[in-house]
Amino acid sequence: MARVAPLSAGKQSEHPVDEVLPLPKLALYGFQHVLAFYAGAVIVPIIVGGALGLSREELVYLINADLFTCGIASIIQALGIGRIGARLPLIQGVTFTAVSPMIAIGLGAGGGTAALLVIYGAVITAGVATFAFAWLPARAFKAVLGLFPPVVTGTVITVLGLVLIPVGLNDAAGGVGSPHFGDPENFAYAGGTMAFILVLMKIGRPFLSSIAILLGLVGGTAAAFLLGDASFTDVGKADWVGVTTPFHFGVPQFQWFPILLMLIVMLITMVETTGDTYAIGDIVGKKIDGETVARALRADGAATALGGVLNSFPYVAFAENVGLVRMTKVKSRFVVVAAGVFMIVLGMLPKAAAAVASVPHPVLGGAATVMFAMVALAGIQTLAKVDLKEEKNALVVGVSLAMALLPSTVPVLFKEHMNADLASLLNSGVTLGASTAILLNLVLNRLGPKEPQSEPVVAGGVVTDVDGADAAPSHPAPAPAGVPAQVAPTGAAGPSVDEPDGA
């Protein structure tokens, strides 16, 4: 009788993304992702809660609910449930794009917890709509993907990095609103943290490089504590256990304008997640097709709807952690699963969350600035695959980057000279930059008569026409059984994707 090999002797993973690392490494790398993501995760409930006039207890509850839901959402995205989740090392976090619209919705509803009910009604509806969109028939979904060629996704990722870098620099300066904002001592902590991280990266040993951000945060916090500039007193004041319950603040309210506003927000987050999915695929060396993007968007939609139920906000694949994957070169998606478990625990243990929150702003800013810069670099690498000598592509990139800087450069335009509802939608560099990239690419590269094209050139193993669109791969891989390989013809503006079987 033939012997059956035990499961432990099964074949090795086909790709490093699917590698299950030893438990100590999973825990260490996962915790590093949590530290890298933590500030970005909690800043949205802090800003929104503060603007709506919530009490300290309500604000703490929002933060715990956010962390708890982030953990569940990240596990869904990285581990996957059926055809939901990209199964890539993507962390899910609350999108910054939704901050201004949610504040506008909340203030329009009168502030306080009553405003949260209107926000949650819009969030749930937008999440369900996003989830449904990602189940469109394959041809319809592929047509939508055609709006996001490398010239668009690369621009969006670059915009994300450039918009996030000032967030890191503000933390490096001590945090906006701090009485010591801009103090040279803050920049000394931030610079020391950055220098420590860069030294660890320079040493070049794989293990040290992979946990450089974690060690930088720990080292910077330890130095600040020894010098009397870091305190853990808030840990003693925090409760031991805090459990998130559905509809904690009451039954959601569904109103048409807040729902419309949140649907537009989710359109922007779909661009972000699409760009981040392609970026992480490039970093880990895994081909991204239409079905992968569809699964990532389904996870976004499911997490956003779940966020509305569990007292949180809209979710998106976090660009910050894409930069961390690139820096550490740790490609396993199970590291993100471990990070998700940590986040769920933090969401149930306010004391633990308070301890992580004790990292001083300048230390966090020093580490964050490095990571955000790496996000921008990931976008530039994507744009390297585009023919930027072609004027139309150059216009898409240049004008989009300029528009992304408008809200931070001329804030008075949105505060004093624009309708409040419109300003709540447009007062975001990510929203303006991403929208401009999509619209300009649509107008310049897709609409109107096609100009005569020169011979395609090969960039990164992909045949690229002069307007920056991916054409057929020079050596296309055979499609999986039962799935016809569909590629955009030469001259099309959309990326080459395998048509999913009913995405």
Side-chain angles (χ1 to χ4, degrees), residues 41-77 81 84 92-95 97-133 238-266 269 298-316 340-341 343-350 353:
V42 302
I43 194 66
V44 173
I46 288 174
I47 293 174
V48 173
L52 299 184
L54 300 183
S55 67
R56 182 184 179 278
E57 291 74 18
E58 291 166 341
L59 183 57
V60 168
Y61 193 94
L62 274 189
I63 294 173
N64 285 335
D66 178 27
L67 289 170
F68 185 82
T69 312
C70 281
I72 297 174
S74 297
I75 291 173
I76 292 173
Q77 187 71 275
I81 300 176
I84 304 172
Q92 295 291 106
V94 176
T95 175
T97 307
V99 171
S100 294
M102 288 193 297
I103 291 175
I105 292 170
L107 293 179
T113 55
L116 288 176
L117 302 182
V118 178
I119 292 173
Y120 292 147
V123 168
I124 292 171
T125 305
V128 171
T130 303
F131 186 79
F133 166 81
D239 295 330
W240 279 103
V241 178
V243 180
T244 298
T245 56
F247 307 122
H248 172 78
F249 295 102
V251 179
Q253 304 295 314
F254 298 89
Q255 300 178 10
W256 74 269
F257 181 75
I259 289 174
L260 176 62
L261 208 55
M262 204 56 60
L263 286 173
I264 297 173
V265 167
M266 291 308 294
T269 64
R298 290 169 200 152
D300 269 9
T304 297
L306 181 65
V309 173
L310 294 179
N311 320 290
S312 191
F313 304 115
Y315 284 86
V316 68
V341 173
M343 284 186 274
I344 291 174
V345 172
L346 285 173
M348 297 175 65
L349 299 175

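All values below were derived from every heavy atom in this structure, side-chain atoms included, with hydrogens, water molecules and symmetry-related copies excluded.
Between H248 and Y61, the angle of the ring planes stays under 30°, which puts this pair in the parallel group of the 30/60° scheme.
Tested against Y315, the residues T95, I76, D66 include a single side chain to side chain contact (heavy atoms under 4.5 Å, CB included) partner, D66.
Considering every non-hydrogen atom in both I105 and M262, the closest pair reads CD1-CE, 3.8 Å. The minimum heavy-atom distance linking L54 with G112 is given by the pair CD2-C, 3.7 Å. The nearest pair of heavy atoms linking G93 to C70 is CA-SG, 4.1 Å. Smallest separation of non-hydrogen atoms from T69 and A303: CG2-O, 4.4 Å. Across all their heavy atoms, V94 and S312 have their closest contact at CG2-OG, 4.1 Å. Heavy-atom minimum distance, V316 versus T269: CG2-O, 3.6 Å.
Looking at M102 and P314, their side chains come closer than 4.5 Å, going by heavy atoms from C-beta outward.
Note that CE of M266 and CD1 of I259 are 13.5 Å apart. Values are rounded to the nearest 0.5 Å. Rounding to the nearest 0.5 Å gives a distance of 8.0 Å between CE of M348 and OG1 of T244. We find the CD1-CG distance between I72 and L67 to be 11.5 Å, quoted to the nearest 0.5 Å. For the atom pair Q255 CD and I119 CD1, the distance stands at 11.0 Å (nearest 0.5 Å). For the atom pair CG of L310 and OH of Y120, the computed distance is 9.5 Å after rounding to the nearest 0.5 Å. A distance of 10.5 Å separates OG1 of T113 from CG of L62, quoted to the nearest 0.5 Å.
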Stepwise side-chain contact (heavy atoms from CB on, under 4.5 Å) test for F133 and L263: CA-CA 11 Å; F133 166 81; L263 286 173; over 6 Å; no

Residues Q77, D300; criterion side-chain contact (heavy atoms from CB on, under 4.5 Å); working and verdict: CA-CA 8 Å; Q77 187 71 275; D300 269 9; 3.9 Å; yes

Residue pair T130, T304: steps toward the side-chain contact (heavy atoms from CB on, under 4.5 Å) verdict: CA-CA 9 Å; T130 303; T304 297; over 6 Å; no

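For V309, the side chain to side chain contact (heavy atoms under 4.5 Å, CB included) criterion is met by I124, P246, F247, not counting sequence neighbours.
A donor-acceptor contact shorter than 3.5 Å links the side chain of N311 to the backbone of T245.
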